[in-house]
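See structure below.
When a ligand or atom number is given, it counts from 1 through the structure's own listing order.
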Amino acid sequence: MTLELPFPVDTVKGFLHPDEGEALYRHAQIQAPRGPLLEIGSYCGKSTLYLGLAARNSGGCVFAVDHHRGSEEHQPGEFFHDAELFDAGEATMDSFREFRRTLRRAELEDTVIPVVAGSALAARQWRTPLAMVFIDGGHSLDAALADYRNWAGHVQRGGILAIHDIYDSAESGGQAPRAILKLALASGLFRQVERVESLVILQRL
Ligand code: SAH
Ligand code: MG
């Protein structure tokens with residue numbers, strides 16, 4: 001099924017190039033009939049939108065893991081801080097309200113299962129094989145390594161591991177996602193099948 005967006009995607013706050021979104025959609029489309037999809041780092045639901053629309057086509061589902069407290073770069077005073085997502089009463093970042101709004105607008109509430117928790121906590125009891133994992137959470141080396149170690153092993157054979165924010169040099173961007181990409185390739189368990197902008201798609205052998 002070709003991608004039909006329910007509203008202009010630039011009305012959703014986030015950090016995903018439309019071509020990256022389409023690549024996620026294409027792979028999710030193939031994978032969703034084979035098992036659940038899971039993303040780490042949903043923010044306001046831009047990537048979730050593409051994964052969710054693909055999953056909905058086949059009656060599949062997406063687990064969307066995010067504590068919704070923002071990464072380092074979203075905190076007050078940091079470069080990607082968005083004051084509209086700051087809950088002043090609680091003195092904390094909160095993207096969950098906006099995330100839910102995206103799900104509702106896109107009619108994805110029956111397809112996406114929000115997991116409002118840190119990725120490591122969510123992983124601790126995880127037992128379900130996954131058809132596709134998209135890693136786009138914290139970008140410190142510790143956070144990226146933890147996401148890779150906690151989740152890559154749940155990707156079933158033939159499934160997809162997608163990693164966002166891959167930059168070839170430190171001048172163009174942080175290197176933690178690239179470090180886990182290298183680990184995945186060195187493991188011998190994954191092969192690279194596609195790259196679109198900063199998104200790399202790996203397939204579990
Ligand atoms: N995929 C989104 C962008 C994600 S931004 C898009 O398409 O626009 C990164 C997100 O990761 C933030 O919302 C932040 O709250 C979340 N995050 C960072 N560290 C996390 C962790 N340890 N566990 C869960 N979520 C985390
Ligand atoms: Mg990203």
Side-chain angles (χ1 to χ4, degrees), residues 3 5 8-25 27-28 37-55 62-76 78-82 84-87 90 92-103 105-106 108 112-126 132-151 161-167 172-181 195-201:
L3 172 59
L5 291 162
V9 71
D10 59 8
T11 61
V12 181
K13 294 175 192 279
F15 309 97
L16 195 77
H17 190 283
D19 294 345
E20 297 173 330
E22 281 183 34
L24 284 179
Y25 177 84
H27 289 280
L37 319 180
L38 183 141
E39 75 171 351
I40 301 138
S42 304
Y43 197 60
C44 298
K46 193 173 268 228
S47 48
T48 327
L49 177 65
Y50 292 97
L51 295 172
L53 292 173
V62 182
F63 291 95
V65 180
D66 196 316
H67 49 41
H68 290 285
R69 297 306 189 202
S71 303
E72 287 95 332
E73 65 272 22
H74 303 131
Q75 303 307 316
E78 301 299 323
F79 189 74
F80 288 105
H81 179 64
D82 181 337
E84 288 178 1
L85 300 175
F86 191 73
D87 180 338
E90 294 294 321
T92 177
M93 282 294 297
D94 186 357
S95 52
F96 189 47
R97 184 189 167 94
E98 193 62 24
F99 174 72
R100 293 194 82 189
R101 195 170 83 88
T102 302
L103 294 189
R105 287 170 75 205
L108 287 172
V112 176
I113 303 166
V115 180
V116 186
S119 150
L121 174 61
R124 215 175 287 163
Q125 304 295 336
W126 195 268
M132 178 164 174
V133 168
F134 172 49
I135 298 183
D136 193 20
H139 285 357
S140 67
L141 187 56
D142 282 352
L145 281 174
D147 286 341
Y148 173 69
R149 291 184 176 135
N150 288 330
W151 292 103
L161 175 65
I163 307 174
H164 197 232
D165 299 304
I166 302 292
Y167 298 107
S172 39
Q175 293 294 295
R178 185 154 168 265
I180 64 170
L181 168 64
R195 175 167 184 161
V196 179
E197 301 284 335
S198 79
L199 176 73
V200 168
I201 307 280

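- For atom 8 (O) of ligand 1, the nearest protein heavy atom (residue, atom name, distance) is Phe15 N, 2.9 Å.
- Ligand-side atoms of ligand 1 in range of Leu16: 7 (O), range being under 4.0 angstrom from any heavy atom.
- For ligand 1, the atoms sitting less than 4.0 Å from at least one non-hydrogen atom of Gly41 are 1 (N), 2 (C), 4 (C), 10 (C), 11 (O), numbered in the order shown with element in parentheses.
- His139 and Glu73 are not linked by any side-chain donor-acceptor pair at a separation below 3.5 angstrom, with hydrogens and angles left out of the test.
- Closest to atom 12 (C) of ligand 1 among all protein heavy atoms lies Asp66 OD2, 3.4 Å.
- Residue Gly70 has at least one heavy-atom neighbour below 4.0 Å for each of these atoms of ligand 1: 14 (C), 15 (O).
- Assignment of Ala117 to the shell around ligand 1 is supported, since a heavy atom sits closer than 4.0 Å.
- Looking at residues two or more places apart in sequence or on another chain, you find no side-chain hydrogen bond (donor to acceptor under 3.5 Å, both in side chains) involving Ser71.
- In summary, the atoms of ligand 1 found under 4.0 Å from a heavy atom of Gly14, numbered by their order in the structure, are 8 (O).
- Closest to atom 20 (C) of ligand 1 among all protein heavy atoms lies His67 NE2, 3.2 Å.
- Only the backbone of Ser42 comes within contact range of ligand 1, with a heavy atom under 4.0 Å; no side-chain atom does.
- Of all protein heavy atoms, the one closest to atom 19 (N) of ligand 1 is Gly138 N, 3.3 Å.
- Residue-environment remark: CZ (Arg105) exceeds the threshold of 12 foreign heavy atoms within 6.0 Å.
- Close approach of ligand 1 to Gly118 (heavy-atom distance below 4.0 Å) involves ligand atoms 23 (N), 24 (C).
- Residue-ligand proximity, Ser47 to ligand 1, at heavy-atom distances under 4.0 Å covers atoms 1 (N), 2 (C), 6 (C), 7 (O).
- Using the six-membered ring where Trp is involved, His68 and Phe99 have ring planes that are tilted, between 30° and 60° apart.
- Protein heavy atom at the shortest distance from atom 24 (C) of ligand 1 is Ser119 N, 3.4 Å.
- Ranking the protein heavy atoms by distance from atom 3 (C) of ligand 1 puts Asp136 OD2, 3.4 Å first.
- Residue His74 touches ligand 1 through its side chain alone, judged by heavy-atom distances below 4.0 Å.
- With waters left out, the protein N, O or S atoms under 2.8 Å from the Mg ion (ligand 2) add up to 3.
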